[in-house]
Amino acid sequence: MLLDSSFFNQKTALVAQELLGKFLVRRIGGKTLSAMIVETEAYVGPHDLASHASKGKTERTKVMFEKAGVWYVYLIYGMYHCLNIVTEEKGYPSAVLIRALELEVEGKKIANGPGKLCRALGIDRKLNGVSAVAKNAQLFIEDRGEKIPRNKIVKAKRIGVDYAGKWKDELLRFYIKGNKFVSKK
DNA sequence: GGTATGATGGGC
DNA sequence: CCCATCATACCC
């Protein structure tokens, strides 16, 4: 079942947890790739100092203010892309960063990190601002009936946000306990 | 096992 | 100047 805008229009920390066990589906060059989401992070609003949107609405961050169910893709460190899905009401900047997928090729994990996952699925800024819930979306998320029990969801600090004051210690990173594709312990 | 660092470019 | 990263180098 395709996840729709009502799913993404909920509290960001809830969406981040609910996305564990869902499948990210990519249509590219006539092929379809899909893999289970095993790790996410929530960027919960303009007051969240770890969020790009805490600096206000700019050319880069304006997508975070869009309605729920739009992709927010940006370039980081000059060489990697990060994939986020916008959440909550239009005008309220928040999103979930998808950090890792259960995906391997010839025994090699190729999506155990936000930059690697974008490389593996051919995701770049062309998808920024594009809908994940439109009929013919090239990139969307499906519920395939997998349900991750609460006691298998680990809550942890987010990665790479040491600049965020007290927000750096918030437990807004979520991953499936024991999963080998999670990017960091 | 661990920590340190360079690559590389756009945002502020 | 600073990054919501990754691969590699080197050290214990």
Side-chain angles (χ1 to χ4, degrees), chain A residues 8 11-20 22 24 26 35 37-66 68-88 92-130 132 139 141 153-176 178-185:
Chain A
F8 298 110
K11 293 298 264 184
T12 306
L14 174 66
V15 175
Q17 290 173 75
E18 290 282 322
L19 281 175
L20 298 177
K22 302 293 190 291
L24 183 66
R26 174 68 166 138
I37 298 168
V38 300
E39 180 183 359
T40 60
E41 284 180 4
Y43 289 84
V44 298
H47 54 299
D48 177 358
L49 297 179
S51 173
H52 294 161
S54 67
K55 298 196 182 79
K57 193 171 187 175
T58 66
E59 191 56 32
R60 178 172 67 152
T61 64
K62 65 181 184 185
V63 174
M64 294 189 78
F65 292 75
E66 274 301 326
V70 171
W71 294 114
Y72 170 45
V73 183
Y74 61 89
L75 184 68
I76 188 66
Y77 300 112
M79 34 178 28
Y80 298 103
H81 297 272
C82 285
L83 177 66
N84 302 249
I85 184 83
V86 173
T87 57
E88 304 196 38
Y92 184 82
S94 53
V96 173
L97 170 66
I98 299 174
R99 284 194 60 88
L101 308 175
E102 200 167 81
L103 181 63
E104 60 188 349
V105 171
E106 293 166 3
K108 289 206 167 114
K109 300 179 183 66
I110 59 167
N112 55 337
K116 293 172 76 176
L117 138 197
C118 286
R119 190 175 53 189
L121 297 187
I123 292 164
D124 61 26
R125 280 174 297 170
K126 288 198 289 289
L127 288 160
N128 188 45
V130 170
L139 182 66
I141 301 175
I153 297 178
V154 180
K155 299 177 171 71
K157 295 178 186 179
R158 292 174 290 182
I159 303 293
V161 296
D162 287 347
Y163 57 87
K166 66 166 186 171
W167 283 90
K168 75 180 170 66
D169 295 322
E170 293 287 320
L171 302 180
L172 291 172
R173 174 171 165 249
F174 307 97
Y175 61 88
I176 299 175
N179 188 280
K180 294 181 178 57
F181 295 81
V182 171
S183 66
K184 305 203 174 177
K185 78 168 176 358

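Quick note on labels: first sequence line is chain A, next is B, and so on, each numbered from 1.
Relative to the side chain of A:Arg119, the nucleotides C:dA7, C:dA4, B:dG9 differ in distance, and C:dA7 lies closest. Across C:dA4, C:dC6, B:dT8, the shortest atom-to-atom separation from the side chain of A:Met64 is found for C:dA4. Nearest nucleotide to the side chain of A:Cys82, out of C:dT5, B:dC12, C:dA7: C:dT5. The A:Met79 side chain lies nearest to B:dT8 when the options are C:dA4, C:dC6, B:dT8.
Judged by atom type and distance alone, A:Tyr77 does not reach the base of B:dA7 through any side-chain donor-acceptor pair under 3.5 Å.
The NZ atom of A:Lys11 sits 15.0 Å away from atom CD of A:Glu18, with the distance rounded to the nearest 0.5 Å. Rounding to the nearest 0.5 Å gives a distance of 7.5 Å between CZ of A:Phe181 and CG of A:Leu103. Taken to the nearest 0.5 Å, the CG atom of A:Asn179 stands 12.0 Å off from the CD1 atom of A:Ile37.
We find that the ring of A:Tyr43 and the base of C:dA4 stack, their centres lying under 5.5 angstrom apart and their planes tilted less than 30°.
Nearest heavy atoms, A:Thr12 versus A:Ala95: CG2-O, 3.3 Å. Closest non-hydrogen pair, A:Glu102 versus A:Ala35, comes out as O-CB, 3.6 Å.
Going from the P atom of C:dC1 to that of B:dT5 covers 16 Å, rounded to whole Å.
A:Lys168 has no carboxylate O lying under 4.0 Å from a charged side-chain N of A:Asp162, or vice versa, which leaves the two without a salt bridge. Using a 4.0 Å cut-off between a side-chain N of Lys or Arg and a carboxylate O of Asp or Glu, A:Arg158 and A:Glu170 do not qualify as a salt bridge.
Comparing A:Gly56 and A:Gly78 by the nucleotide of DNA chain B that holds the closest heavy atom to each, the one mapping nearer the 5' end is A:Gly78.
If you measure from atom CD1 of A:Ile98 to atom P of C:dT5, you get 15 Å, rounded to the nearest angstrom. Between the P atom of C:dT5 and the CZ atom of A:Arg173 lies a distance of 10 Å, rounded to the nearest Å. The nearest whole Å value for the distance from the NZ atom in A:Lys57 to the C1' atom in B:dG11 is 17 Å. Remark: P of C:dA4 and CG of A:Leu117 are 17 Å apart, rounded to the nearest angstrom. Straight-line distance from the CG atom of A:Asn128 to the P atom of B:dG10: 14 Å, rounded to whole Å. When rounded to the nearest whole Å, the span between CG of A:Asn112 and P of C:dA4 equals 20 Å. When the P atom of C:dC1 is taken as reference, atom OH of A:Tyr163 falls 19 Å away, rounded to whole Å. If you measure from atom NZ of A:Lys55 to atom P of C:dC1, you get 17 Å, rounded to the nearest angstrom.
The pairing partner recorded for C:dA4 is none, the criterion being a Watson-Crick or G-U wobble arrangement whose two distances lie under 3.5 angstrom. Searching all strands for a Watson-Crick or G-U wobble partner of B:dT3 with both distances below 3.5 Å returns C:dA9.
A close approach under 4.0 Å does occur between a side-chain nitrogen or oxygen of A:Arg99 and OP1 or OP2 of C:dT5. Remark: A:His52 is in phosphate contact with C:dA4, judged by side-chain N or O atoms under 4.0 Å from OP1 or OP2. The side chain of A:Lys184 places no N or O atom within less than 4.0 Å of a non-bridging phosphate oxygen (OP1 or OP2) of C:dT5. Within the structure, every side-chain polar atom (N or O) of A:Tyr80 is placed at least 4.0 Å from both OP1 and OP2 of C:dA7. Taking only side-chain nitrogens and oxygens, A:Thr58 comes nearer than 4.0 Å to OP1 or OP2 of B:dC12.
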Taking only N/O atoms, report every protein-nucleotides 10-12 of chain C pair under 3.5 Å with atom names and distance.
none

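In summary, the side chains of A:Thr61 and A:Thr58 do present a donor paired with an acceptor at a separation below 3.5 Å, with no hydrogens or angles considered.
In this structure, A:Arg158 reaches neither bases nor backbone, as no heavy-atom distance under 4.0 Å exists between it and the strands shown. Using a 4.0 Å heavy-atom distance criterion, A:Ile159 is classed as a sugar-phosphate-only contact. Heavy atoms of A:Gly115 sit under 4.0 angstrom from primed sugar atoms or phosphate atoms, though from no base atom.
The aromatic ring centroids of A:His52 and A:Tyr74 lie less than 6.0 Å from each other.
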